[in-house]
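Remarks on the structure that follows.
Nothing here was measured: the structure is a model prediction, and the numbers come from that model.
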Amino acid sequence: GYDDGSFLPQRNITRAQVATMIYRAVTHDVTDSQTDLYKDYNKFEDVPSTDWSAGYVGYCANGELIKGFTPTTFGPNKNVTGYQVLAMILRAIGYDQNDEFTGSGWEIRTATTAQQLGILENVQEATLGQPATRELVAELIFQAMSKPYMVDYTPALGYQPVWPRETLGQDEFGLKLTENTADVWGRP
């Protein structure tokens with residue numbers, strides 16, 4: 001949320017803000033105590049080390065979780081589309097090792113992968129080409145963190161599930177989803 005305690009779910013979200021959310025999801029550094037380590041990784045000329053988002057973007061770029069419009073420009077203050085968010089999220093759980101989310105038709109490949117994994121639950125696909133809202137990004141990250149679809153890639157075998165089958169939420173935050181969530185009185 002914002003400093004005043006609001007979330008503003010309908011507000012469009014920028015590429016730098018999504019990089020921040022991705023950073024926090026994959027590192028569980030929700031207090032941002034380690035971001036200074038990555039702020040000098042100047043892969044993108046439009047994200048100087050003095051920018052508020054430099055540490056987040058630097059970490060995500062170094063880990064190849066995000067890509068720029070060109071090798072040297074990221075567009076941190078541009079609105080991000082749902083397709084771009086999906087590509088970032090899918091990279092965070094191990095996909096795009098063959099650059100399948102680049103080039104002609106990358107949006108279809110990204111949405112298809114996300115659909116197969118169940119990440120598009122509660123999401124209208126027609127919204128993916130539009131500027132993403134904060135609530136859409138929160139929903140997509142939640143879906144990705146709650147599905148046991150983290151993968152590793154090898155050229156010989158392709159994408160293989162990470163064992164044990166943990167979610168990103170379990171791996172990074174220790175969150176566990178159980179089948180029976182009722183208390184002793186049968187309440188959910």
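Panel note: side chain Thr112, backbone Ile108; a donor-acceptor pair is recorded below 3.5 Å. At distances below 3.5 Å, at least one donor-acceptor pair connects side-chain atoms of Thr20 with backbone N or O atoms of Ala16. Judged by distance alone, with hydrogens and angles left aside, the side-chain atoms of Gln130 form no donor-acceptor pair with the main-chain N or O of Thr127 at under 3.5 Å. A donor-acceptor pair under 3.5 Å is absent between the side-chain atoms of Arg91 and the main chain of Cys60, judged by distance alone. Using modelled atom types, no side-chain atom of Arg15 and backbone atom of Asn77 make a donor-acceptor pair closer than 3.5 Å. The closest donor-acceptor contact from the side chain of Ser6 to the backbone of Leu8 lies at 3.5 Å or more, if one exists at all. At least one donor-acceptor pair under 3.5 Å links the side chain of Gln17 to the backbone N or O of Thr14. A distance-only check finds no donor-acceptor pair linking the side chain of Asp152 to the backbone of Gln160 [under 3.5 Å]. Side chain of Glu100 to main chain of Asp96: a donor-acceptor pair is present (N/O by atom type, distance under 3.5 Å, no hydrogens or angles).
Here the CZ-OG distance, from Phe44 to Ser53, works out to 10.5 Å after rounding to the nearest 0.5 Å. Between atom CD of residue Gln143 and atom CD1 of residue Ile141 there is a gap of 11.5 Å, rounded to the nearest 0.5 Å. For the atom pair CG (Asn79) and CZ (Arg11), the distance works out to 11.0 Å, reported to the nearest 0.5 Å. Atom CZ in Arg109 sits 12.5 Å away from atom CG in Leu90 (nearest 0.5 Å). Taken from CD1 in Ile89 to OG1 in Thr113, the straight-line distance is 13.0 Å, to the nearest 0.5 Å.
For Phe142, the CZ atom counts as loosely surrounded, since its 6.0 Å shell holds 12 or fewer non-hydrogen atoms of other residues, nucleotides or ligands. By the neighbour-count criterion of 12 heavy atoms within 6.0 Å, atom CD of Glu135 is densely surrounded, having more than that number from other residues, nucleotides or ligands. When the shell of 6.0 Å around CG of Asp3 is examined, it contains 12 or fewer heavy atoms from other residues, nucleotides or ligands.
A side-chain contact (heavy atoms from CB on, under 4.5 Å) with Val57 is found for exactly one of Ile66, Asn62, Leu65, Val18, namely Ile66. Partner of Tyr56 under the side-chain hydrogen bond (donor to acceptor under 3.5 Å, both in side chains) criterion, out of Asp32, Thr27, Asp51, Thr35: Asp32 alone. With Val137 as the fixed residue, the side-chain contact (heavy atoms from CB on, under 4.5 Å) test singles out one of Ile13, Ile22, Asn12: Ile13.
With 3.5 Å as the limit, one finds no donor-acceptor pair spanning the side chains of Tyr59 and Asp29.
Here the closest non-hydrogen pair linking Tyr153 and Gln97 is CB-CG, 3.4 Å. Considering all non-hydrogen atoms of both residues, Gly75 and Phe69 come closest at CA-CE1, 4.1 Å. Between Lys43 and Ala61, the shortest heavy-atom distance links the atoms CD-CB, 4.0 Å.
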What verdict does the side chain to side chain contact (heavy atoms under 4.5 Å, CB included) test give for Glu125 and Leu120, after you've listed the backbone C-alpha separation in whole Å, the side-chain angles of each residue and the deciding distance to 0.1 Å? CA-CA 8 Å; Glu125 286 191 50; Leu120 293 181; 4.0 Å; yes
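Taking the ring centroids of Tyr159 and Tyr95, they lie under the 6.0 Å cut-off.
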